[in-house]
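To start, the structure under review is shown below, and the notes come after it.
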Amino acid sequence: MAPEAAPRPTRAELRVAAREQSRAQRRDAAKAATRTALLRVALPSVAALGVAAAAAVTVQGEADQQRAQAAGRIPEQTAAAGAADNAQAAQAAQQALASGGGAQASRGDARQPLTGTQGGTDPAGQPAAQVTTTDQAPPERPRIAMPVAQHGLGEVFGAAGTHWSKRHTGIDFPVDGGSAVMAVTDGTIRTQWNPSYGYMTILKMADGTEAWYCHLRSYKIRKGTVKAGDVIAFVGSSGNSTGPHLHFEIRPADGGAPVDPLPWFLAQGLDPR
């Protein structure tokens, strides 16, 4: 007896089967898309883990170098150079991964050219200026100097008074006793005592003109050659004097009467007033 033939599916059953097959295909496509997305997320994560591992190795390398440097096993310059190279290599690797490039950055590629004035060049690439030290010439000595550091005059030349037989023959500097007295110019000096002028120093200039310093307390240099600005004595109140001050006179080379020192100072570019 022949087997019965299987009944043919109806159109409705065929439509249901087609819908089931379409749904299965869409599910398979969704699963495939999910796997692709997961792979895309996982790959950068793996790259990030690689960068973290490189950074950890760099930190460990720097720590080892520092310990070795502290123990005296490597020079300080070598440790600094190794740490800088490791940091640059890690930075280059991160930049390469971020840009999407899969090529591994080499140690040489990570090094950047130096800028600034290192290596004898300026930022424009021109040779840097060389700093040289030379002995500076000492400042020139003054040709004319004030007899005391403090400006200001008391009695002026030609003033009348009971302290002088005629007129005042010089100018007075009312400074404290013990103040330094300086040579007004180059010349030779000698010292002497005079009842009216007290202890005095006479400075003879190259042209024979003489500068008289009177009423001194003491001498620093009694005789010999001096230069302008040298300390030669100290202010006092010896002789015919009412208090500490410096009496200063200028006497011509021909031995004539004393002249007013103020115009002489002004002619030399100094104003003692």
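Given the structure is predicted, the values throughout are model-derived calculations rather than measurements. Note that these values count all heavy atoms, side chains included, but never hydrogens, waters or copies made by symmetry.
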Discussion item. Are M205 and M146 linked, directly or through intermediate hydrophobic residues, by side-chain heavy-atom contacts shorter than 4.5 Å (ILVMFWY only)?
Written reply: yes
Discussion item. Determine whether I189 and I232 satisfy the following criterion, side-chain contact (heavy atoms from CB on, under 4.5 Å), listing intermediate values before the conclusion.
Written reply: CA-CA 9 Å; I189 61 172; I232 58 176; 4.2 Å; yes
Discussion item. Membership question, hydrophobic clusters at under 4.5 Å side-chain separation (ILVMFWY): are V184 and V175 in the same one?
Written reply: yes
Worksheet, complete the sentence: Heavy atoms of D271 and H151 approach each other most closely as O-ND1, 2.8 Å
Practice prompt. Any chance you could measure S238, atom OG, to R217, atom CZ, to the nearest 0.5 Å?
Written response: 10.0 Å
Worksheet item: Does any non-hydrogen side-chain atom of V181 lie less than 4.5 Å from one of V235?
Response: yes
Worksheet item: Would you say M200 and H215 make side-chain contact, with heavy atoms under 4.5 Å?
Response: no
Worksheet item: Nearest heavy-atom pair of P258 and F157: which atoms, and what distance?
Response: O-CZ, 3.6 Å
Worksheet item: Side chains of D176 and P244: closer than 4.5 Å at any heavy-atom pair?
Response: no
Item to complete: Please test R190 against E210 for salt bridge (Lys or Arg N to Asp or Glu O under 4.0 Å), starting from the C-alpha separation and ending with a verdict.
Response: CA-CA 11 Å; R190 68 183 190 272; E210 292 183 346; 3.5 Å; yes
Worksheet item: Which pair of non-hydrogen atoms, one from A183 and one from V226, has the smallest distance, and what is that distance?
Response: CB-CG2, 3.9 Å
Worksheet item: Are I250 and F265 co-members of a hydrophobic cluster defined by side-chain heavy atoms under 4.5 Å apart?
Response: yes
Fill in: P195 vs N240 side-chain heavy atoms within contact, under 4.5 Å
no
Worksheet item: How long is the span from the OG atom in S237 to the CG atom in L246, to the nearest 0.5 Å?
Response: 11.5 Å
Worksheet item: Can you name the closest pair of heavy atoms from G152 and F173 and give their distance?
Response: O-CD2, 3.8 Å
Worksheet item: Tell me, which pairs form a side chain to side chain donor-acceptor pair (under 3.5 Å) where one or both residues lie in residues 198-207, sequence neighbours left out?
Response: D207-T209
Worksheet entry | Partners passing salt bridge (Lys or Arg N to Asp or Glu O under 4.0 Å) against R222 (at least two apart in sequence or in another chain) | none
Discussion item. Using side-chain contact (heavy atoms from CB on, under 4.5 Å), reason through D260 and I171 one step at a time and then give a plain yes or no.
Written reply: CA-CA 8 Å; D260 188 356; I171 56 177; 4.1 Å; yes
Fill in: Distance in Å, L203 CG paired with T191 OG1, rounded so as to fall on 0.5 Å steps
12.5 Å
Item to complete: State whether a side-chain donor-acceptor pair under 3.5 Å links E249 with Y213.
Response: no
Worksheet item: Between H247 and D172, which heavy-atom pair has the shortest distance, and what is it?
Response: ND1-OD1, 3.0 Å
Discussion item. Can you list, by chain and residue number, the hydrophobic cluster partners of F234 when the side-chain cut-off is 4.5 Å?
Written reply: M182, V231
Fill in: L270 side chain reached by W264 side chain, heavy atoms, under 4.5 Å
no
Item to complete: Decide if the gap between the ring center of W212 and the ring center of F248 is smaller than 6.0 angstrom.
Response: no
Discussion item. For R143 versus T185, what's the shortest heavy-atom pair and its separation?
Written reply: O-OG1, 3.2 Å
Worksheet item: Hey, mind stepping through I202 and Q192 against side-chain contact (heavy atoms from CB on, under 4.5 Å) and telling me if it holds?
Response: CA-CA 8 Å; I202 300 174; Q192 66 184 48; 3.8 Å; yes
